[in-house]
Each structure stands twice: as C-alpha cells, then as structure tokens.
Amino acid sequence: MTISLFNTYTRSLQEVTPLLDNQVKLYACGPTVYNYAHIGNLRTYIFVDILRRSLEFAGFTVNHVMNITDVGHLSDDADEGEDKVVRESRRSGKTVWEIAEYYTNAFFSDIARLNIKTPTTSCKATDHIDDMIRLIMKIEENGFTYSAGGNLYFDISKFPEYGKLALLSLDDLKTGARIAVDEQKKNPQDFVLWFTNSKFDRQAMIWESPWGRGYPGWHIECSAMAMRFLGDEFDIHCGGIDHIPVHHTNEIAQSQAATGKQPVKCWVHGEFLLFDKEKMSKSAGNFLTLSLLADQGYEPLDFRYFCLNAHYRTQLKFTFEALHAAKTGRNNLVLRIADIKEECDNTPTRVFGKKSENYWKEFVAHVCDDLNMPRCLSDLWQMIKETDIPANEKLALIEDMDNVLGLSLMDSVRKDVLLDEEITALVEEREKARKEKNYQRADEIRGLFVQKGIVLEDTAAGVRWRKK
RNA sequence: GGCGCCGUACCCAAGUGGUAAGGGAGAGGUCUGCAAAACCUUUAUGCAGCGGUUCGAAUCCGCUCGGCGCCUCCA
C-alpha cells in the first residue's frame, strides 16, 4: 500500500517513503491558545487526523508532533498595542498563563470529541524558549541575520530560495498594501527572530537572551520544536493553507539557514472552510465553535462526517443546511450499521468473497490517492447497500474502513430507549387502540413519544423505537 | 497590481481525456391504518459561457463572466 500526497513544494503528487524505515515523522501546526478553536480550525485538525490515520492504515508508525502556541502574536492589523493572549488576558482579568492553559484544555477536549487522535508529542512554545534561542544563535553564526532597532531580523536576501514554497515573486508583491512596512527592515519580507524592542508595552512573557530581554518571533517556534523532536529533516509537515506564504515560507528559510538542509520532504496543506462565502476567522467575528453546533443539536461527529464529504484540498462551504444533510446522512448510516450488527450477531469475519474484496480494494486505492475521503465514504455506502454481501463480511469491512474514517461506526446502535413504566403503559395502550382501529388515539400517543424525542416503528415483528 | 485556487443537479460534493461517485432534499412505489417509520426505485444527453485541440473533453488550450484565498496575525 503506497500513499500519495500532494506536496505543496513541488505542486505534484508524491509517494510517501519515510526517511526512517517504517516510521513517518509528521509535524502539524497546532493552535494559538487565546480563544476557542472555531470549526474552520477544526476542519484542518480533522484533515491532519485523516492523514495520520491513513499513514497508520498503510502500516507506518507515525511520530506525530504538534505545537501549542502559547506565546501571543499580533492581534490584527488595526491593533498595534497588544498581542492576542495579552488582549484576552486584559478582557478576562486572567493571567496570560491561565488563558493559555484554559484554551489548551478546551482545544484537547474539542479534538477528543471529534475522534482526533492525540499527537505523540504536544509541545508548548514557552517550554522551548531555550531551543529557539540556540537555533537563532546558529542562524546568526551562519550570517543570515541583522539587528535593527533592538530586534534581530532574518535577512531574506541571504537566502536565494526564499518564497519557493509559495511561488512568491518578491518583485511583484504589493508590500504595504494593507499594513505599514516596518521601516527597520532591509526587505519587506524580512521577519523578526527575536524582539527586544517591542512595540507592545504590555508584553507579559519575557525571557533573557543573547540579544537582550524579550521574546521570540513567531515562526521560530515551529522550526525549533520540529528540530528538537523530529531532527533536522523529517517526512511531512502539514497545516492550514494560510501558512504557505508566510509562516511555512519563513520556517523553511530559518531551518535551512541553520542546518543547510531542506527540513521537510513533503508539505501538505488543508483548505479553508467557508462561512457566509468567506473564510471563517476569529478577527472577523464570524466564527462557530463545536459548542455552538451542539446547542443547535449537532454532534461533533456530525461535523466530522460533514468534513469527510469534501476533499481536504478544496474549499468547503459551510451552511447549516449542509451540516443538517450530514447529520441525517450519518444517522442513516448508523441505523444501517446497527442492523448489520444485529443480523450477524455482531461478529465480523474477514474471509471475503469477491465483492467484498473489490470494495476493499477500491477503498484502499481511494485512501492512497491523496486521501480521497469523499470516495471512501461513497465506497462505504455502496458496500453497505449491496444486497449479496453477508452481514459478517460487511461488518468487518466497516470496522477496517473506520480505522481511517474515525466515525466510531462500530458503536452504532439503534439507540433503544430504556423503558420506564409510563412508556410501557403508553405503548400497550396504543397497541390496544390500534387493534380497535382507534387511530386518533394511537396517533395522539405517537405524538407524545415524538415530543420525548422517540420515534416508534411499527414493524411486522412488533413495535420498536429509537431516539431521534 | 502580482500570485494561487475554484465555478458539476434544489443543497453539500467526487470525478482532471473514454462517455457524470456518494449523501441530503424532492418524486414514485412496497408495507401499512387512506398514517408514521422503514425499505426499494428514481432524479444532470449535462459539468459558468464562447471558441479551439482530439476519433472522443466536465476533464487539455485560449478568451469572457462570476466567486474564494494570499501579499497582515490567521486553520
């Protein structure tokens, strides 16, 4: 089984062949913890999870490292006085450390609810300031820096390949189009490695360094921690598409300036979730969280299923109508699987007939083809609807496919409701009314159940019921 | 202004040279109590528009129209 991924650096499909035997070294950009993750952020973490599960599916072990950015950054172009964590701190009256801890916990709670596997290593930026300082010293020794106005800058003119990842044409960038250019920079794309002369007087997190008391530039943390946990070179670096032009571009420049080696073999980026026809963003205030979806009756896995219906490299339009379609679709899937479990007494078997074998091959091919989850879901649906595949084979396929999909499909039940005496009595009364052809009363009772969120199904074998 | 990407049915969305996956919604049917639920069937001679290449194009090329992103922190 060979997985191919679209490498942003080469803009082409590339087979995954690990540097180290059977282990894939994967670095995924993590959250900045100054607020709740919105569902656009979460789409990207679902993508990373699919990537990781697919690699494991293909037989690799995955060393998955994710940073937690708990040092704040610029809040937005209109705000020049604070960083994001500081701003949140002032708003809530908590310390910056408390803010970071609170939202870190909230983040891990969200990804757990979405069946996203926890990274092998999650590392906080503030625990690795020393690593960053050492890395900056190396970059300085190699002659890629200059200091101006108290800050230490990376000099992109010393790095001819700058911008290759993003296909940047430096001459044509409209610098200063939306934000004032830092006058101290030699080139507009130069970026700060270490701040001592902060324009943020409320900066709360400050460390000693060879360049004076201050704090690190944003991009250095990922270079430093990736190196620390994965080495100078590793297999895959993934994250949101927005990181291509600046963050990842700068990361490559820094790491390569320090080690002389290209740090990453394959760059993989997930596209945006669109909301109201534009990208969802915290600063624009148009963002939804998992909790807000829950308030409207949508479970985290409904959102996961919704995301899996689109390829990770295409923009996905979020609407409640579309989410609702996903919820209904997933619910139907769960009911069918519950019936399949019942039919084979919950006993999967992996002695496959030709048809099962074919579905399996198709599914594997679609996983390997740049993680084509929409196709994988399609395979799953078609297989389930197939009439001449035994239930025990279907169940085995479902179990194996779910290792990639992560939808907890094997937990599917019809959600039978425990009967209390009132419900039993009502069911009996309704059956009696039906026998007497008193359908008005029977429907009245069914209405009562609907109010309780219970759907009655009159089947040949008797009445059964489930939660809606 | 430059760069990157996209435009497929009512909605979400696969498919990137060989004759349109899947889900939701809608329609028809089976069952039934003229019910609900369930189940089955069905729904784009068509892929923004116009040219071109080709035996053959949603898929390749050109132009036009429309949308999104990036050049600023951002998933």
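Hydrogens, waters and symmetry mates play no part in the numbers below; they use all other heavy atoms, side chains included. Chain letters run A, B, ... following the sequence lines, proteins first and then strands; every chain starts at 1.
A:Trp381 does not qualify as a stacking partner of the B:rG22 base, lacking a centre-to-centre distance under 5.5 Å together with planes within 30°.
For A:Gln382, whose side chain is taken as the heavy atoms from C-beta onward, the closest listed nucleotide among B:rA14, B:rA21, B:rC68 is B:rA21. Considering only side-chain atoms of A:Asn372, the nucleotide from B:rG15, B:rA75, B:rA13 that sits closest is B:rG15. Listed nucleotides: B:rC73, B:rG22, B:rC3. Nearest to the side chain of A:Val246: B:rC73. The side chain of A:Ala310 approaches B:rA14 more closely than any other nucleotide in the set B:rC70, B:rC12, B:rA14. The listed nucleotides are B:rA75, B:rC68, B:rA35; the one nearest the side chain of A:Leu273 is B:rA75. Among the nucleotides B:rG4, B:rA25, B:rA13, the one closest to the side chain of A:Leu167 is B:rG4. Of the listed nucleotides (B:rA75, B:rA35, B:rA14), B:rA75 has the atom at the smallest distance from the side chain of A:Phe272. Listed nucleotides B:rG33, B:rA75, B:rC39 differ in distance to A:Arg336; the shortest reach to its side chain belongs to B:rC39.
Residue contacts for A:Gly40: at a heavy-atom cut-off of 4.0 Å it reaches a base atom on one of the strands shown. No contact: A:Asp379 has no heavy atom under 4.0 Å from any strand. As judged by a 4.0 angstrom heavy-atom cut-off over every strand, A:Arg375 is placed among the base-contacting residues. Using a 4.0 Å heavy-atom criterion, one finds that A:His324 contacts no nucleic acid atom at all. A:Glu271 comes within 4.0 angstrom of a nucleotide base, judged by non-hydrogen atoms across all strands. If you check every strand for non-hydrogen atoms under 4.0 Å, A:Leu42 touches nothing. As judged by a 4.0 angstrom heavy-atom cut-off over every strand, A:Lys385 is placed among residues touching the sugar-phosphate backbone only. Within 4.0 Å (heavy atoms only), A:Arg313 reaches no atom of the nucleic acid at all.
Separating the CD atom of A:Gln189 from the P atom of B:rC70 is a distance of 17 Å, rounded to the nearest angstrom. Rounded to an integer number of Å, the gap from A:Leu377 CG to B:rG23 C1' is 8 Å. In this structure, A:Ile445 atom CD1 and B:rA36 atom P are separated by 18 Å, rounded to whole Å. Separating the CG atom of A:Asp242 from the C1' atom of B:rC70 is a distance of 9 Å, rounded to the nearest angstrom. As a whole-Å value, the separation of A:His243 NE2 from B:rG69 C1' is 14 Å. Atom pair A:Lys185:NZ and B:rC71:P shows a separation of 12 Å (rounding to whole Å applied).
Salt bridge annotation for A:Arg313-A:Asp370: present, with a cationic side-chain nitrogen under 4.0 angstrom from a carboxylate oxygen.
The partner of B:rG46, taking Watson-Crick or G-U wobble pairs whose two distances both stay under 3.5 Å, does not exist in any strand shown. Pairing of B:rC5, defined by two Watson-Crick or G-U wobble distances under 3.5 Å, is identified with B:rG67. Summarising the base pairing, B:rC39 is matched to B:rG29 through a Watson-Crick or G-U wobble pair whose two defining distances lie under 3.5 Å. Across all strands shown, B:rG24 is found opposite B:rC10 as a Watson-Crick or G-U wobble partner, with both distances under 3.5 Å. Of all nucleotides present, none satisfies the Watson-Crick or G-U wobble test against B:rG56 with each distance under 3.5 Å. Base pairing of B:rG17: no nucleotide in any strand meets the Watson-Crick or G-U wobble criterion (both distances under 3.5 Å).
The side chain of A:Thr314 places an N or O atom within less than 4.0 Å of a non-bridging phosphate oxygen (OP1 or OP2) of B:rA14. Within the structure, every side-chain polar atom (N or O) of A:Asn309 is placed at least 4.0 Å from both OP1 and OP2 of B:rA14. Under 4.0 angstrom from either OP1 or OP2 of B:rA13 there lies at least one side-chain N or O belonging to A:Lys317.
The gap from the P atom of B:rA37 to that of B:rA25 amounts to 11 Å, rounded to the nearest Å. Remark: the separation of the P atoms in B:rU45 and B:rA58 is 13 Å, to the nearest Å. The C1' atoms of B:rC11 and B:rU54 are separated by 35 Å, rounded to the nearest whole Å.
Here the two rings, on A:Tyr9 and A:His248, have centers that are 6.0 Å apart or farther. With ring centers used as reference points, A:Phe318 lies under 6.0 Å from A:Phe306. In this structure, the ring of A:Phe57 has its center less than 6.0 angstrom from the ring center of A:Trp360.
A:Asp443 contributes a side-chain N or O that forms a donor-acceptor pair with the base of B:rG33 under 3.5 Å. Residue-to-nucleotide contacts include no donor-acceptor pair under 3.5 Å from the side chain of A:Arg446 to the base of B:rA37.
Taking the nucleotide of RNA chain B with the nearest heavy atom to each of A:Arg434 and A:Ala325, the more 5' of the two is matched to A:Ala325. RNA chain B is contacted by both A:Tyr45 and A:Phe318; A:Phe318 maps to the nucleotide lying nearer its 5′ end (nearest heavy atom per residue).
A side-chain donor-acceptor contact under 3.5 Å links A:Thr8 and A:His269.
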* Might you work through the salt bridge (Lys or Arg N to Asp or Glu O under 4.0 Å) test for A:Glu444 and A:Arg441, ending with a clear yes or no? => CA-CA 5 Å; A:Glu444 208 174 284; A:Arg441 177 61 185 154; 2.6 Å; yes
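A heavy-atom distance below 4.5 Å is not found between the side chains of A:Ile50 and A:Tyr312. Contact of the A:Asn115 side chain with the A:Leu301 side chain is registered, since non-hydrogen atoms from C-beta on lie closer than 4.5 Å.
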